Number of protein chains: 2
Amino acid sequence: MSGRSADSITLDIERSIVAGELEEGRPLPAERALMEQYGASRTVIREAITALTAKGFLKSRPRYRPIVCRPDASSAMQAAGGVIKHLLDNSRGVHDLYQVRVLFERVLVRDAATGAGKDDLKRLKDALDDNQAAIGDSERFYATDVAFHRVLYTISGNPAYPAIHTGFVEWLAPQWSRMPRSEQRNHDNFLAHQAIYEAILMRDPDAAERALVDHLEASWEFVRSTFFAGENE
Amino acid sequence: MSGRSADSITLDIERSIVAGELEEGRPLPAERALMEQYGASRTVIREAITALTAKGFLKSRPRYRPIVCRPDASSAMQAAGGVIKHLLDNSRGVHDLYQVRVLFERVLVRDAATGAGKDDLKRLKDALDDNQAAIGDSERFYATDVAFHRVLYTISGNPAYPAIHTGFVEWLAPQWSRMPRSEQRNHDNFLAHQAIYEAILMRDPDAAERALVDHLEASWEFVRSTFFAGENE
DNA sequence: CCTCATTTATCGTCGTACCAAACTAATCGC
DNA sequence: GCGATTAGTTTGGTACGACGATAAATGAGG
């Protein structure tokens, strides 16, 4: 990449982090200490720190020591997010991403319908009840809406799924969280969630998938007409 | 993030890139020119360049001017890859990622079965034929194997899908591309591909999905026993 | 007009210095 | 004795200047 010196140091610190030599959550050693440790100038050390920060291995606030971040699925999503948010400045980019989300959830509801356990169904039901209870409060409704979908991402136990969900929510938030809401619309959405839940309960993957797709496509159409009405599809 | 000065410059250059003021593929202005333009020291400029490089907006080789890179789905995957590759040092991480791939392709084959056009089917058939023709040449077989699956990612027309496929292939390559291969195994894999193709041709999404899952799970089991035999599931 | 040597521009790295903010410890007042 | 205040130290953020090495530009020579 850039400089050879800084690169090898970057790699070595990266290695130290994943190897656990640098404890997660602890601050990185001082720059002057690192320059002694690596026998390099501060320029190089700072360059390595900058790169590691951008890569997601460090979290640095303006005047504080960088905090060590062990990489996980969530940081991977965050790293991708830095680029992805620039792809979402038109309806095309947003729709492309939204399609990925739809694709993802289609499998999740199918799997939920065929393989969800008792506790999974209970968590889903609880989320649905929360959703219903929040119909009158649009802000809280949005939160419970997200939470309901999130349950789907937690059923498999794969830690990557919730991270992916977080990514979707964050990236799509510019449109979805700013959507004009109403009690009527909240109620419609709740009914859609209920339909999905019912289909899962009935162990009917096809119906669940159909209910989900209907729900998400209606949601997209609403967003499209709200934010991208002027753009030609 | 890190420094306030460098940060605003980073953001502004980023903006210039996505706005097209800095043409894609062209080299970035010289550091001295930028320090004059932004009224900052070289230290700051270089820090901004480092950050942008790590973020994927610049490609810089050791002694050359950084090349401007417009972000796309592919660079987003690449950014995530920097973190993801550290999650793949054990069977757990690899399996988690592999599951995501399986999830993705399950929908792709379903959609192919229900909605693939004539040309899509032809491309799939061509890829299948290539695959069959390469059974005797394991290296070429691997390439045609990847190509066959890739066709599935291109059917929807969503540009994010091929980028995601590239990510999967790259991240999983350490295991899959190094797999001990044989004509027998190639032939088995070809038959699996053929079964998927047949099911798609028959417009049977359930059969296509089942064939795909069987194929991918067998593949995983082979990888697991080869690379992670010692680890306890 | 093309080739090769020389000059120049530019990057990679280093060192030093200064400021301001954060941290630490000693001091002061209760 | 203990909490609050203050002075000193550490550390990150930024700037300037310098030097070697290499890529790109330039000019000499055929």
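Here the structure is a predicted model, which means the values were calculated and not measured. A note on names: the letters A, B, ... follow the listed sequences, proteins ahead of strands, and every chain is numbered from 1.
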Would A/R181 and A/Y142 count as a cation-pi pair here, with the cationic atom under 6.0 angstrom from the ring centre and within 45° of the axis?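 A/R181 over A/Y142 ring: no.
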
Taking the six-membered ring of B/Y64 (Phe, Tyr or Trp), confirm whether the NZ or CZ of B/R61 is under 6.0 Å from its centre and within 45° of its axis.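 Positive - B/R61 is close enough to the ring of B/Y64 and near enough to its axis.
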
Please state how far atom [atom1] in [X] lies from atom [atom2] in [N], giving the value in whole angstrom units.
{"X": "B/I9", "N": "D/dG13", "atom1": "CD1", "atom2": "C1'", "answer": "12 Å"}
{"X": "A/L28", "N": "D/dT10", "atom1": "CG", "atom2": "P", "answer": "19 Å"}
{"X": "B/M35", "N": "D/dT14", "atom1": "CE", "atom2": "P", "answer": "14 Å"}
{"X": "B/E31", "N": "D/dA15", "atom1": "CD", "atom2": "P", "answer": "14 Å"}
{"X": "A/R61", "N": "D/dT11", "atom1": "CZ", "atom2": "P", "answer": "16 Å"}
{"X": "A/E36", "N": "C/dG15", "atom1": "CD", "atom2": "P", "answer": "12 Å"}
{"X": "A/I67", "N": "D/dG12", "atom1": "CD1", "atom2": "C1'", "answer": "13 Å"}
{"X": "A/L34", "N": "D/dT11", "atom1": "CG", "atom2": "P", "answer": "11 Å"}

Has [X] got a side-chain N or O lying under 4.0 Å from the OP1 or OP2 atom of [N]?
{"X": "A/R46", "N": "D/dG13", "answer": "yes"}
{"X": "B/T43", "N": "D/dT14", "answer": "no"}
{"X": "A/S5", "N": "C/dG12", "answer": "no"}

Can a donor-acceptor pair be found between the side chains of A/E105 and A/Y153 at a distance below 3.5 Å? yes

Closest listed nucleotide, where the reference is the side chain of B/R65 and the choices are C/dC11, C/dC14, D/dG12: C/dC11

Would you confirm whether the ring centroid of B/F168 sits within less than 6.0 angstrom of the ring centroid of B/W176? no

Between A/F104 and A/Y161, does the ring centre distance come in under 6.0 Å?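 Yes, close enough.
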
Nearest heavy-atom neighbours spanning A/I155 and A/A112: CD1-CB, 3.8 Å

Roughly how far apart are A/L87 CG and B/R70 CZ, rounded to 0.5 Å?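 Reported to 0.5 Å precision, the distance equals 10.0 Å.
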
Contact state string [nucleotides 17-22 of chain C, B base, S sugar-phosphate only, - no protein heavy atom under 4.0 Å]: B--BSS

